[in-house]
Amino acid sequence: MSNRTGSRRQKAAEDGERSLIGPPSGHAGESVRDQDASTTPFFVYLLAFFSALGGFLFGYDTGVVSGAMLLLKKEMHLSALWQELLVSSTVGAAALSALSGGFLNGWLGRRICILIASFIFCGGGIVMAVALSKVVLLVGRITVGLGIGIASMTVPVYIAEVSPPHLRGQLVTINSLFITGGQFIASVVDGAFSYLSHDGWRYMLGLSILPAVLQFFGFIFLPESPRWLLQKGRSQEARQVLGRIRGGQNIEEEYDTIRTSIEEEENETGSGGVVILRILSYGPTRRALIVGCGLQMFQQLSGINTVMYYSATILQMAGVREDKQAIWLAGATSATNFVFTLVGVWLVERVGRRKLTLGSLLGTGLSLTLLAVGFLLSAQHSPPVTLHPVDFHNSTCRLYESCEPCMLDPDCGFCYLENDAGVFNSSCVPVSPASTDSAAWGRCSNRTEESFSPYWAYNYCPTSYSWVVLLGLILYLASFAPGMGTMPWTVNSEIYPLWARSTGNACSAGVNWIFNVLVSLTFLHVAEYLTYYGAFFLYAGLVVLGLLFVLCCLPETKGLQLEEIENLFARRLCSCGDLPASDDRHVHYIRQSSDYRPAHYGAVDSDCAIAYITLR
Ligand SMILES: O[C@H]1[C@H](O)[C@@H](O)[C@H](O)[C@@H](O)[C@H]1O
């Protein structure tokens, strides 16, 4: 450890002690640490609101497409490939732009990046609303994806940098609330415009222009992050902005901490060269990056987007047969996701990031297991195929004896009648090449609304165990949303030192989007090989790995100033044994900080001083 690092630690230790005692006498006002909600200026909330509109657009544009697709595939005669392209191209573009957003963020600043993102959102929205062909529509979807990527990595960083420490977790988590809020509003808009069978999709996709315009004009008047300004040597402006967002509080301590931290970071790691290489070659930032990317990876490996995407199918299994009804009820799924994200906002500063994430992972793992058991019971009691119509094309569908293997084959669907006694007169027939909504031929190729017309089940089987799956779905959302849905974004916004923050967030957001594409693109294939219950057992297993990862690697960042958090990664990432307290200065600092009980150390060997901190 260099002397400089030691000196910064020493200063941090002193700051920590100072904060325990309160501001020295003669201080002009409260320091930022001592603020509480009653003294937090309204301006900070305003900044958080306008930035989080980026999160709203992220949620809206990723969520709205499922409802729009139901209309689009009929109006534009979209093949399965085109449907897949229109959904995944946005997520793929988001991955690319999130990765390159790090450079833009460091170069142009947070504010300009948010302005660029909202401008791109407007452009993409307009292109989609007026698109006359599927190719133009694809261009629009890629454009909004570019906006989503930049917004997803910039907004949490901006909010974290302008927030006072005691509110930072809550304000950054509001961005996640806006993401799930965007997904919820998208499902309501989908429901409302689904009645407009001609051009309804134009309104669904185009409505995102409104929040984008609001954010663009809002940000013309809002300031740049003071931390970025100071890093760029624009100290006068930085001081002004800090004064403005702290609304008359004493900003000297915070200003000095940021400035000292920037100077020392430059001395320790140098200022030239490729940032990602500097991050990887410097221990504390390398460890932070592993934690940040790991959290984002496990967020997506928990299967959230698969569960959300297939919620309509799950509801159909549960007996919801009408398309429109399924769209509205899928809205209830995103509403549940939204409401439980609110619980996360409420809990983050009360229980801290680490406990929230651990609790969430535990619940997510258990509910995924319940989902898997529900699918297993449904598979074991899958209705038999009773009719075997002559198939002139010799498709594989004629070989199946029950619904389960039939629905797992992407080329087949289950056609059946149902009364109080259950399913009868059922057959397994090929799906129509034009649309998965009907069979290629036979009774289910031309269905009518009449009560004796057969049902067509594609991708699901009717089952009496649907309540287990439904319960699993609700418990899943209730446990995922408050912790795993929010904390990866929140923690990433705070764990990197200033020089590495843009690049660190770019990488971890990129990892999030890459795993998002991977999980959604592979789900149907995984289900084909492992069956639905196998796929959900697999996700549950991955969540257990995530639980171990968080248990061993995620330190608590609650209440610390951004400049102090780097210290938590000063030693090797530890595993979960216990080690007696040591005299290390860092440990001393953590122990003195008013937010904590004497620290609890987990370690594998004596080289490893801090693994985690038990909160009061
Ligand atoms: O944090 C968000 C949120 O949980 C969303 O519901 C999900 O769709 C996103 O992939 C995730 O990053």
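Position 1 is the first residue of the sequence; numbering continues from there. Counting starts at 1 for both ligands and their atoms, in listed order. Atom set for the values below is all heavy atoms of this structure, side chains included, hydrogens, waters and symmetry mates excluded.
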| request: State yes or no: are the ring centers of F219 and F50 separated by less than 6.0 Å? | output: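 No; F50 has its ring centre 6.0 Å or more from that of F219.
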Identify all pairs of nitrogen or oxygen atoms, one from ligand 1 and one from the protein, separated by less than 3.5 Å, and list them with distances.
from, atom 1, to, atom 2, distance (Å)
ligand 1, 1 (O), Q299, NE2, 3.1
ligand 1, 1 (O), G485, O, 2.6
ligand 1, 1 (O), W489, NE1, 3.0
ligand 1, 6 (O), Q183, OE1, 2.9
ligand 1, 6 (O), N337, ND2, 3.1
ligand 1, 8 (O), Q183, NE2, 2.9
ligand 1, 8 (O), N305, OD1, 2.6
ligand 1, 10 (O), Q300, NE2, 3.0
ligand 1, 10 (O), N305, ND2, 2.9
ligand 1, 12 (O), Q299, OE1, 2.8
ligand 1, 12 (O), W489, NE1, 3.3

| Distance in Å, L99 CG paired with S508 OG, rounded so as to fall on 0.5 Å steps |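 If I round to the nearest 0.5 Å, the distance is 9.5 Å.
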| task | Taking only Lys NZ, Arg NE, NH1 and NH2, and the carboxylate oxygens of Asp or Glu, determine whether E161 and R501 approach each other closer than 4.0 Å. | result |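 Salt bridge present between E161 and R501.
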| request: Say whether, by atom type as modelled, one donor and one acceptor occur between the side chain of Q561 and the main chain of E563 under 3.5 angstrom. | output: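 No.
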| If only atom types and distance count, is the side chain of R168 paired as donor or acceptor with the main-chain N or O of T490 below 3.5 Å? |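 It does not hold such a pair.
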| side chain to side chain contact (heavy atoms under 4.5 Å, CB included) partner of F569, chosen from I495, T285, I290 |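 Single side chain to side chain contact (heavy atoms under 4.5 Å, CB included) partner of F569 among I495, T285, I290: I495.
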